[in-house]
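The block underneath contains the structure these notes are about, expressed in structure tokens.
All values derive from a computational prediction rather than experimental measurement. Protein chains get the first letters and strands the later ones, always in sequence-line order, with residue 1 at the start of each.
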2 protein chains.
Amino acid sequence: MTTTAPRRRASISDVARLARVSVGTVSNVLNRPDRVSPATRERVVAAIDELEFVPNGSARQLRAGTITTAGAIVLDVANPFFTDVARGIEDRLDEAGYTLMLASSDEEPEREARYLRLFEEHGVQGVMVVPATDELDHLESLRARGLRVVLLDRPSPSDTLSSVAVDDRAGAAAATQHLVGLGHERLAFLNGPHSIRQCADRSDGIRSALAAADMDPDEALVEVTIRSLNADGGQAGTQRVLALEDRPTAMVCVNDLTALGALRSLRIAGVPVPSGMAVVGYDDVAFAGELATPLTSVRQPTHQLGYRAADLLLDADDTVAHVTFQPELVVRESTTGVG
Amino acid sequence: MTTTAPRRRASISDVARLARVSVGTVSNVLNRPDRVSPATRERVVAAIDELEFVPNGSARQLRAGTITTAGAIVLDVANPFFTDVARGIEDRLDEAGYTLMLASSDEEPEREARYLRLFEEHGVQGVMVVPATDELDHLESLRARGLRVVLLDRPSPSDTLSSVAVDDRAGAAAATQHLVGLGHERLAFLNGPHSIRQCADRSDGIRSALAAADMDPDEALVEVTIRSLNADGGQAGTQRVLALEDRPTAMVCVNDLTALGALRSLRIAGVPVPSGMAVVGYDDVAFAGELATPLTSVRQPTHQLGYRAADLLLDADDTVAHVTFQPELVVRESTTGVG
DNA sequence: TTCGCGTGATGAACCGATTCACAGGGGACG
DNA sequence: CGTCCCCTGTGAATCGGTTCATCACGCGAA
């Protein structure tokens, strides 16, 4: 093994010296090869290969000003919803030859700010952000400083920031219509606190769908607020639903993990699904269709969400746009089965 | 809304002019505030605020040479295994004030190469890579050019590249020992092609564990190769297992999605789990414990994998190390239940 | 032979920061 | 009152590219 000691990275002038040309010529070989005669071009390329020359991006960016990088900040890269979104972003950027810098804010505004600052220092073209707070002033000023900003999974309240979001009201309404159509007259909704916008919107959606079906939301709906939006929360919430005297015949869960806990709780209690209780989830995660009782769920176009966000960011005219996607109800046995 | 037209980004000399000091002084305020008298420091800070000055990272990096960014390339950011790893990387980098540039290669060597090049141009300190190919020469030469390289989920074959991996043989062996200990004498292994290193290693692990238990692997083990490593593949493979004349009493699946398909197939065939067939998965994905029959699975320390990889990358001495993590068998009802 | 022109290469200015040798201005001390 | 030193602040060099005005050269036309 001959690991040569990490030598200093070769610069363009090293190449120029070795090829016996000026740095300007090397630069031309790199960027406008047609302006260089074949003979010298060959010499320069040979020198580049020999020195394993890789141009210094900082220097190039400093002088040329342009850069093909965009940043994205999501709440948590380990969350499948966001990774699908990230994947969509990456795919679109890739088409344009751009690269992505990805980071998680963990819903902490300071982390978000830190990454935004870092992205800005590195001169990214723009950022796509799932905002950690309601307050968007810092994003507005970023925008005013010339960066492109696209809000992710959050409709923009302003006409200066572009946004890409999914219509949470419509998703919840679709689930509700489906259940009402199946004859259910009393529903439970396992939901998180309304301080989370998505939770509030979904609650809204259910209520308006009920109203549209000539049902009184206050009578037909029991909303159970759960602490943690995961399987344990769903299990606990379901126990409370089962204890109600006028027990609902169907449940909507704020996400699939919650629904998973609900199914577990129902199994333990010996309640058959869907005949004893129909269940609808939200997100349509990968395993929703693979459960013992495949789960009816609201699918969000996550990949498209990211793809479109990147699309807006790359838009040549830098126009401000607001895109709202419609979610899609995926019907499976947890509402229509024979169990 | 008064969105001022995107003005040119303020530079350090703009700040200097406004504060009536030299650029050197502004730089000092930024980097060594104690060398500047409180009075001027205040003036400079005021100017910085007024101009919303954000230092140009390219210029800084060009001159100072240092950068606090690292790159990572995984096979697919939408895959939970890799996102957990990425999260571990991010957490460790965050502690050191570093930032991560994350990308997916989709197992395409050209994409991997493109991103590596881009990272190198941007002057990252190092890269963490899940290699898309067996061939590692390009990583060796990256290393020779002074970048730090850490292989992810792949033991390093060389003594110049650091690596962080999980012992796949041990994981498969642990699953096997568990089943043998429960009295199973004939096992099936739903596996992918041995061209995938993980698959080959896990097969090895099972065989050697059987041998260690004084059983003849060729007799006690039926290895079924499935096309796609997902639920459908698992379902199809399980049907083939059930059709065997000397039917095994336990199955090891190469990952949890495959096991999911196996469970579905068994349910359809009316085979109780685990009394009719015990099932073990691999990966211990989030929903493994939430299934109708909670799944016994081999958990890999994904987060630690990434965390440790970043740790090696940040190592002050730049030592080359090879870290191997031991997976852990998580026992649930799919092997020990009463079903 | 001279002039004009196109091709190909040159070299210096420039991007925006960091860094360092150095200058000016007190204050302490003899 | 003169020295020396410390404290601040200055300004120029520098990092590694890109870009552009300029120049050398060769060749065909006049």
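Shown here are the side chain to side chain contact (heavy atoms under 4.5 Å, CB included) partners of A:P109, two or more places apart in sequence or in another chain: A:T133. Not a single salt bridge (Lys or Arg N to Asp or Glu O under 4.0 Å) links A:D153 to another residue, sequence neighbours left out. In this structure A:S156 satisfies the side chain to side chain contact (heavy atoms under 4.5 Å, CB included) test together with A:L151, A:S158, A:L161, A:S163, A:H322, sequence neighbours excluded. For B:E112, the salt bridge (Lys or Arg N to Asp or Glu O under 4.0 Å) test picks out no residue, with sequence neighbours left out. Shown here are the side chain to side chain contact (heavy atoms under 4.5 Å, CB included) partners of A:D106, two or more places apart in sequence or in another chain: A:S104, A:E108, A:R111, B:R87. For B:S11, the side chain to side chain contact (heavy atoms under 4.5 Å, CB included) test picks out B:S13, B:D14, with sequence neighbours left out.
Computed from coordinates, the B:L51 CG to C:dG16 P distance equals 14 Å when rounded to whole Å. Straight-line distance from the CD atom of A:E121 to the P atom of C:dG16: 15 Å, rounded to whole Å. The distance between atom CZ of A:R17 and atom P of C:dG11, rounded to the nearest whole Å, is 13 Å.
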Could you go through residues 304-316 of chain B and list every donor-acceptor pair under 3.5 Å that involves a side-chain atom there, pairing it with any protein atom two or more places apart or in another chain?
unit_1	atom_1	unit_2	atom_2	d
B:Y307	OH	B:E95	OE1	2.9
B:Y307	OH	B:E95	OE2	2.7
B:R308	NH1	B:D311	OD2	3.3
B:D311	OD1	B:R92	NE	2.5
B:D311	OD1	B:R92	NH2	3.1
B:D315	OD2	B:D317	N	3.2
B:D315	OD2	B:D318	N	2.9
B:D315	OD2	B:T319	N	3.1
B:D315	OD2	B:T319	OG1	3.1

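Between the axis at the start and the axis at the end of the helix from C:dT1-D:dA30 to C:dG30-D:dC1 there is an angle of 60°, using five pairs per end and rounding to 10 degrees.
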request  = For each nucleotide in nucleotides 12-24 of chain D, reading 5' to 3', give B when a protein heavy atom comes within less than 4.0 Å of its base, S when such contact involves only the sugar-phosphate, and - otherwise.
outcome  = -BBBBBBB-----
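The two residues A:P55 and B:R117 make their nearest non-hydrogen contact at CD-NH2, 3.5 Å.
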